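Below is one structure; the comments refer to it alone.
Bear in mind the structure is a predicted one, so any value in this text is a computation, not a measurement.
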Amino acid sequence: VSLTTLKKNLPRTLDLFGQVMMQPVFREDRVELARKQTIEGLRRQNDDPKRIVDREFTCALYEGHLLARVPTIESVTRITRDDMMAFHKRFYHPNNMILAVSGDIDREELLKSLGKVFNGWRREEIVLPAIAPPKTEMKSTVLFAHKDVNQSVIRLGSLGIEKNNPDLYAIRVMDYILGGGFTSRLTQEVRSNQGLAYQAASHFDVGRRFVGTFWVETETKSESTAKVISLILKIMTGMTKLAVSDQELSLAKDSIINSFIFGFTKPDAVVNQQVRLEFFGYPPGYLDNYRNNIAKVTKEDVLLAAQKYLKPDALTIMVVGDEKKFDQPLSMFGTVREIKLEIK
């Protein structure tokens, strides 16, 4: 729950904030409105090929795990106001909360106001459900969903890393060189040299409580679908064979270090950073040492990271498009499993 307010309105806004936190009403008309909006969103979830790829790709990587769950019209219809009230009563207590504030406010005055607003909010015993980690076995998988469009939306990837991975900084530099900006290998080859896509990018999403994902994404005309996938696989393989150049290394590190400051330009960005670090249990000094750790990365570190974490022969490949227009069948990359786009 968050708020942004003018300083002069803070007392009244804090009162409302406290009511929402501690005593939400969940009015039946608001619940029903939210339900209808959610169901309408589910009915339209297959309209956008990008949304299809986002959903099905994630479900494939976390197959069999809670992270692969998606809402359905049936599951949303079953939720009641009583369910929401019970969920709030079970989990929303001060010993299960982190409160962060940023702004032109006197600290002591703020603490006094917060104490008044949240006075009487009692601690309760909270038992969080145990959740097993996802399976991390990597295997080659080819997924396809038919859509009558002129462009193919393509995603390649696998499960990636957790936040405490010791290779994090080498991975960040390696990933930037692979697909992190206009100077990346993916952008230079797929877009600039071959003219096959407007953009091509890669990213390692650092898992907070569980392992995250690694993905490469792009869009291309249907007639160059297989060509683009083959080119991406070739570029990834090249990263695992030879060390990057001095120029690539220097540019990647400078870009990451120089862009770091933009995460602290606004008060809300600062406070969100601090909450995230606290909530996910990052080690002390993580942000303070981030730039220095990036600066220490060597070409050898990047090559080892590529060899360890880029697995071109064990990727999930997901394509949404019109297979009748493809330059070559997707079966050239492995056995194809078609995903039927049904509304449930």
**Study point:** Residue pairs, two or more places apart or on separate chains, that pass side chain to side chain donor-acceptor pair (under 3.5 Å) and touch residues 286-296
**Key:** Tyr169-Asn293
Exercise for review: Keeping to residues at least two apart or across chains, list the ring pair (Phe, Tyr, Trp, His ring centres under 6.0 Å) pairs with something in residues 51-84.
Suggested key: His65-Phe210
Check your understanding: Is any NZ, NE, NH1 or NH2 atom of the basic residue among Arg185 and Glu248 found under 4.0 Å from an Asp or Glu carboxylate oxygen of the other?
Key -> yes
Check your understanding: Shared ILVMFWY cluster between Val271 and Leu110, side chains joined below 4.5 angstrom?
Key -> no
Review point. Can you tell if the side chain of Ile177 reaches within under 4.5 Å of the side chain of Met239, non-hydrogen atoms only?
Key: yes
Practice item. Tell me whether Leu330 is reachable from Leu231 by hopping between hydrophobic residues (I, L, V, M, F, W, Y) whose side-chain heavy atoms are closer than 4.5 Å. Key: yes
Practice item. Please lay out, stage by stage, how Lys163 and Arg209 fare under the test side chain to side chain contact (heavy atoms under 4.5 Å, CB included). Key: CA-CA 8 Å; Lys163 66 180 177 63; Arg209 299 198 184 280; over 6 Å; no
**Study point:** Residues Thr237 and Thr240: side-chain donor-acceptor under 3.5 angstrom
**Key:** no
Check your understanding: Taking the side chain as C-beta and beyond, is there a heavy-atom pair between Leu168 and Val206 under 4.5 Å?
Key -> yes
Review point. With a 4.5 Å limit on heavy-atom distance, are the side chains of Arg276 and Tyr282 in contact?
Key: yes
Practice item. Please step through ring-ring contact (aromatic ring centres under 6.0 Å, His included) for the pair His93 and Trp121, ending with a clear verdict. Key: CA-CA 7 Å; His93 300 288; Trp121 197 21; 7.3 Å; no
Review point. In Å and rounded to the nearest 0.5 Å, what is the CD to CG distance from Glu223 to Leu196?
Key: 12.0 Å
Check your understanding: Taking NZ, NE, NH1 and NH2 as the nitrogens, is one of them in Arg27 or Asp29 under 4.0 Å from a carboxylate oxygen of the other?
Key -> yes
Point to revise | Inter- and intrachain pairs under ring pair (Phe, Tyr, Trp, His ring centres under 6.0 Å), touching residues 2-43, at least two apart | key: none
Exercise for review: Check whether any side-chain heavy atom of Ile161 sits under 4.5 Å from a side-chain heavy atom of Val211, and report yes or no.
Suggested key: no
Exercise for review: Flag the pair Asp268 and Lys266 as a salt bridge only when some basic side-chain nitrogen lies within less than 4.0 angstrom of an acidic carboxylate oxygen.
Suggested key: no
**Study point:** Glu323 side chain to His146 side chain, donor-acceptor N/O pair below 3.5 angstrom
**Key:** yes
Exercise for review: Indicate yes or no: does Glu32 engage Arg35 in a salt bridge with an N to O separation below 4.0 Å.
Suggested key: yes
Review point. Side chains of Asp15 and Thr13: closer than 4.5 Å at any heavy-atom pair?
Key: no
Practice item. Apply the test side chain to side chain contact (heavy atoms under 4.5 Å, CB included) to residues Tyr198 and Thr220: give CA-CA distance (whole Å), side-chain angles for both, the deciding distance (0.1 Å), then the verdict. Key: CA-CA 8 Å; Tyr198 178 74; Thr220 188; over 6 Å; no
Practice item. Scan side-chain atoms only and decide if Ser222 and Thr225 contain a donor-acceptor pair under the 3.5 Å cut-off. Key: no
**Study point:** Any side-chain donor near an acceptor of the partner, Asn46 and Lys147, under 3.5 Å
**Key:** no
Practice item. Using a 4.5 Å cut-off on heavy atoms from C-beta on, say whether the side chain of Ile154 contacts that of Met318. Key: no
Check your understanding: Under 3.5 Å, is there a donor-acceptor pair linking the side chains of Tyr176 and Ser184?
Key -> no
Point to revise | Test: Asp54 and Arg155 ion pair at under 4.0 Å | key: yes
Review point. Would you say the side-chain atoms of Ser202 and Asp175 include a donor-acceptor pair closer than 3.5 Å?
Key: yes
Exercise for review: Treating Ile, Leu, Val, Met, Phe, Trp and Tyr as nodes and any side-chain heavy-atom pair under 4.5 angstrom as an edge, say whether Val190 and Val320 lie in one connected cluster.
Suggested key: no
Check your understanding: Do NZ/NE/NH1/NH2 and the carboxylate oxygens of Lys36 and Glu40 come within less than 4.0 Å?
Key -> no
**Study point:** Single-linkage hydrophobic cluster, 4.5 Å side-chain cutoff, Leu233 and Trp215 together
**Key:** no
Point to revise | ILVMFWY cluster, Leu128 and Met97 together (side-chain gap under 4.5 Å) | key: yes
Check your understanding: Could Arg172 and Phe204 be counted as a cation-pi pair, given that NZ or CZ must be under 6.0 Å from the ring centre and within 45° of the axis?
Key -> no
Practice item. Indicate yes or no for a side-chain donor-acceptor contact from Asp205 to the backbone of Gly212 under 3.5 Å, with no hydrogens or angles considered. Key: no
Check your understanding: Should Pro94 and Phe118 count as side-chain neighbours, where that means a heavy-atom distance under 4.5 Å?
Key -> no
Exercise for review: Taking only Lys NZ, Arg NE, NH1 and NH2, and the carboxylate oxygens of Asp or Glu, determine whether Glu219 and Lys50 approach each other closer than 4.0 Å.
Suggested key: yes
Practice item. Answer whether the closest heavy-atom distance between the side chains of Val142 and Arg337 falls below 4.5 Å. Key: no
Review point. Could you give the distance from NZ (Lys139) to CG (Leu315), rounded to the nearest 0.5 Å?
Key: 13.5 Å
Study note, to complete from the structure: dist Glu56:CD -> Thr58:OG1 (nearest 0.5 Å) comes out at 9.5 Å
Revision key, fill the gap. dist Leu178:CG -> Ile171:CD1 (nearest 0.5 Å) comes out at 12.5 Å
